Number of protein chains: 2
Amino acid sequence: MDTTARKNSLKRFFKKHRRLPSYSEMLHLFGLSSKNAVFKIVQRWIAEGFLKKEGRKLAPTSRFFSLPLLGLVKAGFPILSEEDKKYLTLDDYLIEDPVSSFLLTVSGDSLHEIGIFEGDIVVVERRKNALPGDIVLAEIDREWTLKILRRDRLNNRLYLASANSKYPPFYPQTELTIHGIVKAVIRKLRN
Amino acid sequence: MDTTARKNSLKRFFKKHRRLPSYSEMLHLFGLSSKNAVFKIVQRWIAEGFLKKEGRKLAPTSRFFSLPLLGLVKAGFPILSEEDKKYLTLDDYLIEDPVSSFLLTVSGDSLHEIGIFEGDIVVVERRKNALPGDIVLAEIDREWTLKILRRDRLNNRLYLASANSKYPPFYPQTELTIHGIVKAVIRKLRN
DNA sequence: TGACAAAGTGAACAATTGTTTACTATACTT
DNA sequence: AAGTATAGTAAACAATTGTTCACTTTGTCA
């Protein structure tokens, strides 16, 4: 069992148990018989940034979870040079503040032209303010909706716009309240 | 500090350190002065499925990480009744097999009409076969590209199609190799 | 007001943790 | 073949862990 295989078995352990194994557990996981062997392996992984330690507490780094992020090069397989390789942890990338975030299933085709389709999932962050151009979860005249926030250049009023030419803009009759802004769009294509 | 506040501080701790705090750490985290108080709180959380325990090892459950998944109801704030509430863990939802998956930044507008834009990130799973209709990472006549796989009804041959009327379909001159299929599309809208 | 459950305190305990030290086996290099 | 890193074994250790027991405080409701 080489280093890569051990790293993968660690990842699978974390995926299954949602925690890192203790040194004694790694012993069996890696097929070793001395805790000190594990100790040395872990130290190497800490040095290369695969794991980290606070005091004597072991934890994964962001690289532990991350997937390689590649760019598409027409000439060949899209792998960047090792030094330029970037890694991305989806959860970190998408969810900044898990406490104030929630997900929303998109219904309707009013945002179709900006690539938000029925059935997509959007990550919404709860907040009261937004900037023109943001896609917002808003309450307009007591009706909840997902639209683009815009500011009318003439009278400086805020209104809601669709991204589908068959829907008109919505100017609030009485009130317009922002409840959250869309931070990300997610679409799953195949199981 | 009530239960919800404590749960949130636990989530923030995990978000920051990528591990659960020990009981002694929770002591300070929750503003308590007896480990036994923490012990009882944790036991309650285990009972309700927020945390779990294997032996004496504490770990978060999937609910710990998950965000509430809501549907948009025009009449009011889009929260489903407690029993119907669904939770989704993004990482679990998007990445089935972390070992064979990677991310790709989309370049070009050839998939624009199916809502995949330049700069979007797609989750690609390495594999050699795909079905017509799948969005594939393919090598066509030694050129790498991201397109829709289709089968010509007349001659039964596979070819690649764009989702943008200004691009023609691509019929392979010599060879067409599938290297992976797109499982999900991700777009980040605002920092 | 009194009763009773829920929430927290404080101290003690065995088990397990990560770490250290000393030694052995395996693999590489020149 | 000799020399030298690298990888693994074995045993011992203090520190910290999760747990238990007995007790006190706080809040709730009849």
Side-chain angles (χ1 to χ4, degrees), chain A residues 1-66 82-83 89 98-99, chain B residues 1-66 82-83 99:
Chain A
M1 200 183 218
D2 69 334
T3 302
T4 313
R6 282 173 180 165
K7 282 186 180 176
N8 285 344
S9 81
L10 245 207
K11 285 182 186 177
R12 289 198 202 93
F13 187 99
F14 198 102
K15 178 99 181 162
K16 185 176 176 189
H17 299 88
R18 293 178 218 277
R19 63 175 176 88
L20 283 183
S22 71
Y23 283 28
S24 335
E25 286 174 311
M26 290 191 214
L27 217 96
H28 299 98
L29 215 61
F30 299 162
L32 294 170
S33 47
S34 168
K35 270 204 290 181
N36 181 259
V38 175
F39 180 76
K40 287 174 182 169
I41 290 171
V42 166
Q43 281 213 316
R44 217 177 313 130
W45 286 347
I46 291 171
E48 65 183 62
F50 181 65
L51 298 172
K52 64 174 174 171
K53 199 170 272 185
E54 297 153 353
R56 29 172 70 217
K57 248 95 183 181
L58 198 61
T61 60
S62 78
R63 162 165 299 181
F64 181 95
F65 298 102
S66 60
E82 196 64 30
E83 46 195 330
T89 311
V99 172
Chain B
M1 203 184 215
D2 69 334
T3 302
T4 313
R6 282 175 180 162
K7 281 186 181 176
N8 285 344
S9 80
L10 243 207
K11 287 182 185 175
R12 290 202 194 90
F13 187 99
F14 198 102
K15 177 92 183 167
K16 186 176 177 188
H17 299 88
R18 293 180 220 274
R19 63 174 176 87
L20 283 183
S22 70
Y23 283 28
S24 334
E25 286 173 311
M26 290 191 212
L27 218 96
H28 298 99
L29 214 60
F30 299 163
L32 294 170
S33 45
S34 169
K35 270 205 290 183
N36 182 257
V38 174
F39 179 77
K40 287 174 183 170
I41 290 171
V42 166
Q43 280 213 315
R44 219 178 310 131
W45 286 346
I46 291 171
E48 66 182 64
F50 181 66
L51 297 172
K52 65 175 173 170
K53 198 171 273 184
E54 296 153 353
R56 26 173 72 217
K57 248 93 179 182
L58 198 61
T61 60
S62 77
R63 162 165 300 180
F64 181 94
F65 296 103
S66 61
E82 196 64 32
E83 47 196 329
V99 172

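These numbers were taken from a predicted model, which means no experiment stands behind them. Proteins come first, then strands; the chains are lettered A, B, ... in the order of their sequence lines, and each starts at number 1. Just the heavy atoms: all of them, side chains too, but no hydrogens, waters or symmetry mates, feed the values below.
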Quick one: [atom1] on [X] to [atom2] on [Y], what's the gap to the nearest 0.5 Å?
X     : Y     : atom1 : atom2 : value
A/L27 : A/F39 : CG    : CZ    : 14.0 Å
A/R12 : A/S9  : CZ    : OG    : 7.0 Å
A/I46 : A/I41 : CD1   : CD1   : 12.0 Å
A/E25 : A/L10 : CD    : CG    : 10.5 Å
B/M26 : B/L29 : CE    : CG    : 8.0 Å

| request: Could you identify which residues of residues 44-60 of chain A place a heavy atom less than 4.0 Å from some atom of DNA chain C, listed by residue number, or say none? | output: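 Output list: A/K53, A/R56.
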| DNA chain C contacts among residues 12-40 of chain B, heavy-atom distance under 4.0 Å |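 Heavy-atom contacts with DNA chain C come from B/L32, B/S33, B/S34, B/N36, B/A37, B/K40.
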| query | In terms of ring plane angle, is the pair A/F14 and A/F65 parallel, tilted or perpendicular, where the classes change at 30° and 60°? | reply |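 The arrangement is perpendicular - the two ring planes meet at more than 60°.
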| task | For the residue pair B/W45 and B/F50, categorise the inter-ring angle as parallel (less than 30°), tilted (30 to 60°) or perpendicular (more than 60°). | result |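 Answer is perpendicular, since the angle exceeds 60°.
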| message | Closer than 4.0 angstrom, basic N to acidic O: yes or no for B/R18 and A/E54? | response |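 So B/R18 does not pair with A/E54 through a salt bridge.
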| field | Helix axis bend for the helix from C/dT1-D/dA30 to C/dA27-D/dT4 - C1'-based end axes, five pairs, 10° rounding | value |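 That helix gives 40° between its end axes.
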| task | Would you sort out whether A/E48 and A/R63 count as a salt bridge (charged side-chain N to carboxylate O under 4.0 Å, His left out), showing the intermediate values? | result | CA-CA 10 Å; A/E48 65 183 62; A/R63 162 165 299 181; over 6 Å; no
| request: Would you kindly give the CD1-to-C1' distance between B/I41 and D/dT19, to the nearest whole Å? | output: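 These atoms are roughly 15 Å apart.
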| message | Rounded to whole Å, please give me the gap between CG in B/D2 and P in C/dA7. | response |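 That distance rounds to 12 Å.
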| task | Report yes if the side chains of A/R6 and A/D2 come closer than 4.5 Å at any heavy-atom pair, otherwise no. | result |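 The answer is no, as the side chains (C-beta and beyond) never meet within the 4.5 Å cut-off.
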